[in-house]
Amino acid sequence: MGKETISNEATKYFPELLEKDKPREEKRLPDLDDVGERVVMRLAPSPSGPLHLGHSRMAILNDEYVRRYGGELILRLEDTNPANIDLNAYEMIPEDLKNLGVKVDRIVIQSDRFDIYYEEARKLIARGYAYVCFCRQEDFRALKLESKSCPHRNIEPQENMRRFEEILTGKYRAGEATVVIKTDLSHPNPSLRDWIAFRIGKAKHPRTGEKYYLYPMMNFSVAVDDHYLGLTHVLRGKDQLNNTGRQRFIFDYNHWKVPLYYHYGMISIPGERLKTSIIRKDIAAGKFSGWDDIRLNTIRGLLKRGYQPETFRRYWIESGLREIDASFSWEIFNSMNRENIDRNAKRLFFVKEPLKFKVIDSPEIDVKIPFHPEHKEMGFREFRMKPGTEVFISSDDLAKFDTNSTVRLKDLYNVSLKGKDLVYSSEQKFDPKTTRIIHWCPPDSDDFVVLRPDGINDRGVIEKSHLLVKGISQFERYGYVNLSSQNNEGYFLHK
RNA sequence: GCUCCGAUGGUGUAGUCCGGCCAAGCAUACCGGCCUUUCAAGCCGGCGACCCGGGUCCAAAUCCCGGUCGGAGCACCA
């Protein structure tokens, strides 16, 4: 029977065999509603630091939809709180997005748009939808909770306008005046009752200095920008639900078309480390090497460890837009990443906490081990082991030896432990099912440190051929490690 | 406390809008087998879930009501 006949026979009886190679169906994001010719969507981080793992979700989801429908993806840097700005973030954020494979079409910086916000405020004041308030913070809040009007709420628009212009001249100090959007004091949800649209800033703005000191609050600038930038769809976290309600007042007062909002659930990240502001301090104090410290869940930290941009993308697509809160699964994230990297990860022997042994009675032997067991075309590492050579093995593995039990040094030979030495076994046959196989390093190996995300670094030795390997390697029986350009260190990725 | 949202296996999700094709799909984890001179990868098989209680209906994971649990917000942060 020729090859073809066999194949025909086989498919006749087992037609499902043919299906085998069909690619697994990729999970797909649900369609958006009301999509016209194109969509306009946005990413709106505040430039307080680089992007972290949580940000990658909104970045990728928005990017996916803009790719699907065509349109525009706007990166809007929300820097209207001068107290929470890191000038470097204006550079780092676009860089992080680029490295994640997110294509931004346009960058908008809110601190360039103060005049637009002021102009919109004037329009609302003129029509009686906003007023200038001089209440103390506590009083304003207390009145609101009781659904009571504050003394400034029912002032004539002309007078409010005069006061607004007066604020702009710089006459007041932080805390002395605000601009409030008039909504509905009896609204059952106190969050949606009259809310503050502008306040006077306490700090000097890193970009605009002292030119402006009346700062729009997020709800105001976001509503104005979402309209003028022509947003069609907005993806945001559930924590924004009340804000969406607040912003809707601005749209209604102006008779603007409201974008379609989607609120996805909150994601909690196990092992999430620290807030951006704390990290910044710790970097300054030298506790972290920088924003790309591999102990951090910043995009740059994770990419440095060797997570692939496609891994982020696939993970977030599979998570979808559900409104349920969920916790981030490193297990699944790692598994997806493994799928992306294994094919190209060259295998190396790394011996953690090495112990050096002489192998008594060992013969001279040449061994040739493939860099990848399934892809021999990736080449080989070759070792010439001298008679009576020394080898390194891990103290972890040594703990598993019984005296006189035989162990296989992978791709080399069988040895047993005798006192302080290893002895070449008289029996070199072995059954891989029953014999313990451990890896090893030759005596001319290099010292090597694996930096781990938990901050505990593993020291050991690595075979010389690490110098021939770049990028992500799999250290056999240890895990995937992204080799640093430093040569003698690498970053632990995952098992 | 008030307002709003949600609830599918250990984890992440599909299905819920428009009830029947769902005795619930996929992934991951785990267990077993195959393959393998890595504890990786690959292949095959298995375990495992519709929060509870009512109601509507010929039929409910899906619709309605109540409860429970979880979350978010209630800032002159974003």
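Residue numbers begin at 1 in each chain, while the letters A, B, ... track the order of the sequences.
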[N] [atom2] sits how many Å from [X] [atom1], rounded?
X: A/Arg28; N: B/G25; atom1: CZ; atom2: C1'; value: 18 Å
X: A/Asn414; N: B/U37; atom1: CG; atom2: C1'; value: 10 Å
X: A/Gln110; N: B/A78; atom1: CD; atom2: C1'; value: 9 Å
X: A/Lys495; N: B/A29; atom1: NZ; atom2: P; value: 13 Å
X: A/Leu321; N: B/G15; atom1: CG; atom2: P; value: 11 Å

Residue [X], side-chain heavy atoms: nucleotide from [options] that is nearest:
X: A/Glu331; options: B/G6, B/A29, B/G12; answer: B/A29
X: A/Lys410; options: B/U37, B/C76, B/U8; answer: B/U37
X: A/Arg338; options: B/C39, B/A40, B/U13; answer: B/A40
X: A/Arg141; options: B/C74, B/U38, B/U28; answer: B/C74
X: A/Phe140; options: B/A78, B/C76, B/G12; answer: B/C76

If pairing requires Watson-Crick or G-U wobble contacts with both distances under 3.5 Å, which nucleotide is the partner of [N]?
N: B/U11; value: B/A27
N: B/C74; value: B/G1
N: B/U62; value: none
N: B/C39; value: none
N: B/U56; value: none
N: B/C69; value: B/G6

Under 4.0 Å, heavy atom to any atom of RNA chain B: which of residues 76-85 of chain A qualify? A/Glu78, A/Thr80, A/Asn81
Salt bridge between A/Arg314 and A/Glu318, side-chain N to carboxylate O under 4.0 Å? yes
Pair A/Glu176 + A/Lys171, salt bridge at N-O below 4.0 Å: no
For a quick test of your reading: what N or O donor-acceptor pairs under 3.5 Å do the side chains of residues 82-91 of chain A make, sequence neighbours left out?
unit_1: A/Asp86; atom_1: OD1; unit_2: A/Asn88; atom_2: N; d: 2.9
unit_1: A/Asp86; atom_1: OD2; unit_2: A/Arg280; atom_2: NE; d: 3.3
unit_1: A/Tyr90; atom_1: OH; unit_2: A/Asp79; atom_2: OD2; d: 2.6

Look at the side-chain N and O atoms of A/Arg322 and state whether any lies under 4.0 Å from the OP1 or OP2 oxygen of B/U13. yes
At less than 4.0 Å, is any side-chain N or O atom of A/Gln474 found next to OP1 or OP2 of B/A40? Yes or no. no
Between the base of B/U36 and the side chain of A/Glu374, is one N or O donor paired with an acceptor at under 3.5 angstrom? no
Has the side chain of A/Arg347 got a donor or acceptor that lies under 3.5 Å from a partner of the other kind on the base of B/A40? yes
Evaluate the side chain to side chain donor-acceptor pair (under 3.5 Å) criterion for residues A/Trp316 and A/Ser56: first the C-alpha distance (whole Å), next the side-chain angles of each, then the deciding distance (0.1 Å), finally the verdict. CA-CA 8 Å; A/Trp316 292 125; A/Ser56 66; 2.8 Å; yes
Nearest-angstrom distance, [atom1] atom, [N] to [M]:
N: B/C43; M: B/G6; atom1: C1'; result: 39 Å
N: B/G55; M: B/G15; atom1: P; result: 30 Å
N: B/U11; M: B/G48; atom1: C1'; result: 12 Å
N: B/C47; M: B/G32; atom1: C1'; result: 10 Å
N: B/C31; M: B/A78; atom1: C1'; result: 47 Å
N: B/C26; M: B/U68; atom1: C1'; result: 30 Å

The criterion is side-chain contact (heavy atoms from CB on, under 4.5 Å); which residues satisfy it with A/Pro373, sequence neighbours excluded? A/Arg347
Passes side chain to side chain donor-acceptor pair (under 3.5 Å), A/Gln240 versus A/Tyr261? Steps please. CA-CA 10 Å; A/Gln240 304 285 343; A/Tyr261 294 94; over 6 Å; no
Check: protein-nucleotides 2-5 of chain B nitrogen or oxygen pairs below 3.5 Å:
unit_1: B/U3; atom_1: O2'; unit_2: A/Asn189; atom_2: ND2; d: 2.7
unit_1: B/C5; atom_1: O3'; unit_2: A/Glu323; atom_2: OE1; d: 3.3
unit_1: B/C5; atom_1: O2'; unit_2: A/Glu323; atom_2: OE1; d: 3.3

Using a 4.0 Å heavy-atom cut-off across all strands, classify [X] as base, sugar-phosphate, or nothing.
X: A/Ile332; result: base
X: A/Gly320; result: nothing
X: A/Ser327; result: sugar-phosphate
X: A/Met217; result: sugar-phosphate

Ring-plane angle category for A/His152 and A/Phe134, please: parallel below 30°, perpendicular beyond 60°, tilted otherwise. perpendicular
Parallel, tilted or perpendicular: rings of A/Phe349 and A/Phe383 (30°, 60°): parallel
Go nucleotide by nucleotide along RNA chain B from the 5' end; which of A/Cys135 and A/Pro373 gets its closest nucleotide reached first? A/Pro373
The answer to which of A/Ser329 and A/Phe430 contacts RNA chain B further toward the 5' end, by nearest nucleotide, is A/Ser329
Salt bridge (charged side-chain N to carboxylate O under 4.0 Å, His left out) contacts in which one or both residues fall within residues 211-223 of chain A, not counting sequence neighbours: none
Sequence neighbours left out, what passes side-chain hydrogen bond (donor to acceptor under 3.5 Å, both in side chains) with A/Arg136? Give chain and number order. A/Glu138
Residues A/Gln247, A/Asp226; criterion side chain to side chain donor-acceptor pair (under 3.5 Å); working and verdict: CA-CA 10 Å; A/Gln247 289 158 28; A/Asp226 280 355; over 6 Å; no
